[in-house]
Structures are given as structure tokens and as C-alpha cells.
Amino acid sequence: MMLGLDLMDCAIGILAALLVGLGKGGLPGAGNLSVILMAMIFPSRESVGILLPILICADVVAVAVYHSHTQWTHLWRLLPWTLLGVVAGAFVFQNMDDALLTRVIGAILLLMVALTPLRKYFQQHPDELPGQRLTFKQQAFVGSTGVLGGVATMVANAAGPVIGIYLMMSRLPKFAFIGTAAWFFFIINLCKMPIQVGIGNITWASLKLSAGFGVFAVVAAMIAPRLMKWVPQHIFSFLVWLFIVVAGVKMLLF
């Protein structure tokens, strides 16, 4: 048992870490489910700080595996806007009590679920995606997407679907999509670390917990590509998103 956690809390934390790794390996929604599981065993504010280093552990594996597929042009286009959203999200995060933060995290998770059909729409209608040269309207969309993703990732570690929509609009092939997302979240999560440390939400005690759970995230990220071949992903994804909706509503209303 880790630093006084009981057996059930340890099991939930390990499951959350495993889902972080699987999410980096291509399982939709798994990362957002990890946000909920961590909030079940820790206060919402503390759970964000504990989860962040775990995400970075899995990011390292994803970057190592897919770095050669990264499309840096698309990454640099979105990164400044997302960092702006991270700064705004830090202000929001710092000025909320735990009860309000729980509701905000629930609302963000429900928003991520609502955006999932839009992401699938872009997958199924590639002819409607914009090309490399963006119009002013498309640039505004990129900016708003980046800011929204930055706020969501700072407040709740949950920006995957938002960033996924942008990458879909960029017409990236499968491995380029994964590689670009891997580097993007690695950079953003590293930038969030000093902010979380500065506001006192990451401490030596929380880092010990993160390190213990992070091992499981690394293992899951390494085996995810092979494991996904044997998992009926559409069924598993449906169950993951269903759980997120139920838990998100609960966090928002109670």
C-alpha cells in the first residue's frame, strides 16, 4: 500500500494509471476516465497534481515510440494558443475551492464527451477538412481550440478530444496523428509542472504517489499497441465514455 492508502484506493489508482498508459497507446477516452478515478480517491485539486506526473511518464514512452512520425508544423501552430489557455486555466484553478473545482472538472469531462461525435465526423468526412493553408475563420478555430484545450488540460488534465479535433482537421495519417499528439502533450504537461509546483499542488509526498502509480502507466503504454489488437475497442470505448458521462454528471450536480 502506498503512503497510507488502503487496498481499494491503491487498486483504483493503479487502474487509473493503467488507463493513462492505454490512452497514450490509442484507447479513446481512457485518459479522461483516469481523471475521474483519481478524483474518487483524492480531493479534486490534489488529484490533478498527482495525475500530472503519471501522464508525463506515459508521454515519455509515447514520444520514444512515435517521435519519428511527429508533424512539427501542426504542433507549433497549436502550441502557443494552448499555452495561453494553460495560463488562463492556472488562474481559474488557483482561485477555486475543491467543491467548485469538482463541478468544473465534471463539466469539462462532459464537454469532452460532447465533442467526440465531432471528432468522428471529421474522420468520416475527410473531404470537408481544411488544407494546410488556413483561412481566417479556420485560424480562429485553431486559436479557440488551443485555448480551450489549454484550460481543460490545466484544470482537469482532460484535453484529448479537443486536441484530437484539431489534428483531424490537419489531415494527419494515423501514426503522424499519434506522434504529433505524443509530443504535444509531453511539452504541455512539462510546462504545467512548474505551475502546479508553484501553487503548492505538487509536493514531495504527491510525487512519491505519482512515481508509484507511474510505473503502471509506463507498462501499459508499452503493451498498449499489442493489447489493443485483442480488445473489441468499439465496445470498450462505449463503456468508457458511458462511465465518464455518469461520473461527470455526478461531479457536476453533487
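Worth knowing before you read on, the calculation uses all heavy atoms, side chains too, and leaves out hydrogens, waters and symmetry mates. In this text, all values refer to a predicted model and were calculated from it rather than measured experimentally.
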TODO: Taking the side chain as every heavy atom from C-beta outward, state whether I105 and I108 have any atom pair closer than 4.5 Å.
DONE: no
TODO: Find out if a path of hydrophobic residues (ILVMFWY) with successive side-chain heavy-atom gaps under 4.5 Å connects W76 to V87.
DONE: no
- [ ] Supply the atom-to-atom distance L18 CG to L33 CG, rounded to the nearest 0.5 angstrom.
- [x] 11.5 Å
Task: Cluster link V219 to V61, ILVMFWY, side chain under 4.5 Å - done: no
Open item on the list: Any heavy-atom pair between the side chains of I188 and L79 that's under 4.5 Å?
Closed with: yes
Task: Listed partners of D98 passing side chain to side chain contact (heavy atoms under 4.5 Å, CB included), at least two apart - done: P43, S44, R45, T102
Open item on the list: Measuring from atom CE of M38 to atom CG of L15, what distance do you get when rounded to the nearest 0.5 angstrom?
Closed with: 9.5 Å
- [ ] To the nearest 0.5 angstrom, please state how far the OG atom of S47 sits from the CD1 atom of I41.
- [x] 9.0 Å
TODO: With the side chain counted from C-beta on, respond yes when C191 and L83 share a heavy-atom pair under 4.5 Å apart, and no when they do not.
DONE: yes
Open item on the list: Which heavy atom of G21 sits nearest to which heavy atom of A220, and what is that distance?
Closed with: CA-CB, 3.8 Å
Open item on the list: To check you understand the geometry: which heavy-atom pair defines the closest contact between A182 and A62, and what is its length?
Closed with: CB-CB, 3.7 Å
Open item on the list: Within this structure, what is the CZ-CG distance for the pair F185 and L75, rounded to the nearest 0.5 Å?
Closed with: 10.5 Å
- [ ] Please work out whether the ring planes of Y66 and H69 are parallel, tilted or perpendicular, with thresholds of 30° and 60°.
- [x] tilted
Open item on the list: Would you compute the distance between atom CZ of R77 and atom CD of Q71 and round it to the nearest 0.5 angstrom?
Closed with: 11.0 Å
TODO: Would you indicate whether the side-chain heavy atoms of V20 and F213 approach each other to under 4.5 Å?
DONE: no
TODO: Please answer: with hydrophobic residues joined when any side-chain heavy atoms are less than 4.5 Å apart, are V215 and W204 in the same cluster?
DONE: no
Open item on the list: To the nearest 0.5 Å, what is the distance between OG1 on T180 and CH2 on W183?
Closed with: 11.5 Å
- [ ] Answer with yes or no whether the hydrophobic clustering places F91 together with V86; edges join I, L, V, M, F, W, Y residues whose side-chain heavy atoms lie under 4.5 Å apart.
- [x] no
Open item on the list: Contact between F184 and H74 at the side-chain level, heavy atoms closer than 4.5 Å - yes or no?
Closed with: no
Open item on the list: Do I187 and M193 sit in one hydrophobic cluster, given that two such residues count as connected whenever their side-chain heavy atoms are within less than 4.5 Å of each other, even indirectly?
Closed with: yes
Open item on the list: Pair F93, N201 - check side-chain contact (heavy atoms from CB on, under 4.5 Å), show working.
Closed with: CA-CA 10 Å; F93 186 88; N201 202 42; 3.4 Å; yes
Task: Least distance between heavy atoms, I50 atom then S210 atom - done: O-OG, 2.7 Å
Could you give the side-chain donor-acceptor pairs of residues 144-163 under 3.5 Å, partners two or more places apart or in another chain?
{"residue": "S144", "atom": "OG", "partner": "A140", "partner atom": "O", "Å": "3.1"}
{"residue": "S144", "atom": "OG", "partner": "F141", "partner atom": "O", "Å": "2.9"}
{"residue": "T145", "atom": "OG1", "partner": "F141", "partner atom": "O", "Å": "2.7"}
{"residue": "T153", "atom": "OG1", "partner": "K192", "partner atom": "NZ", "Å": "2.8"}
{"residue": "N157", "atom": "OD1", "partner": "K192", "partner atom": "NZ", "Å": "2.8"}
{"residue": "N157", "atom": "ND2", "partner": "V48", "partner atom": "O", "Å": "3.0"}

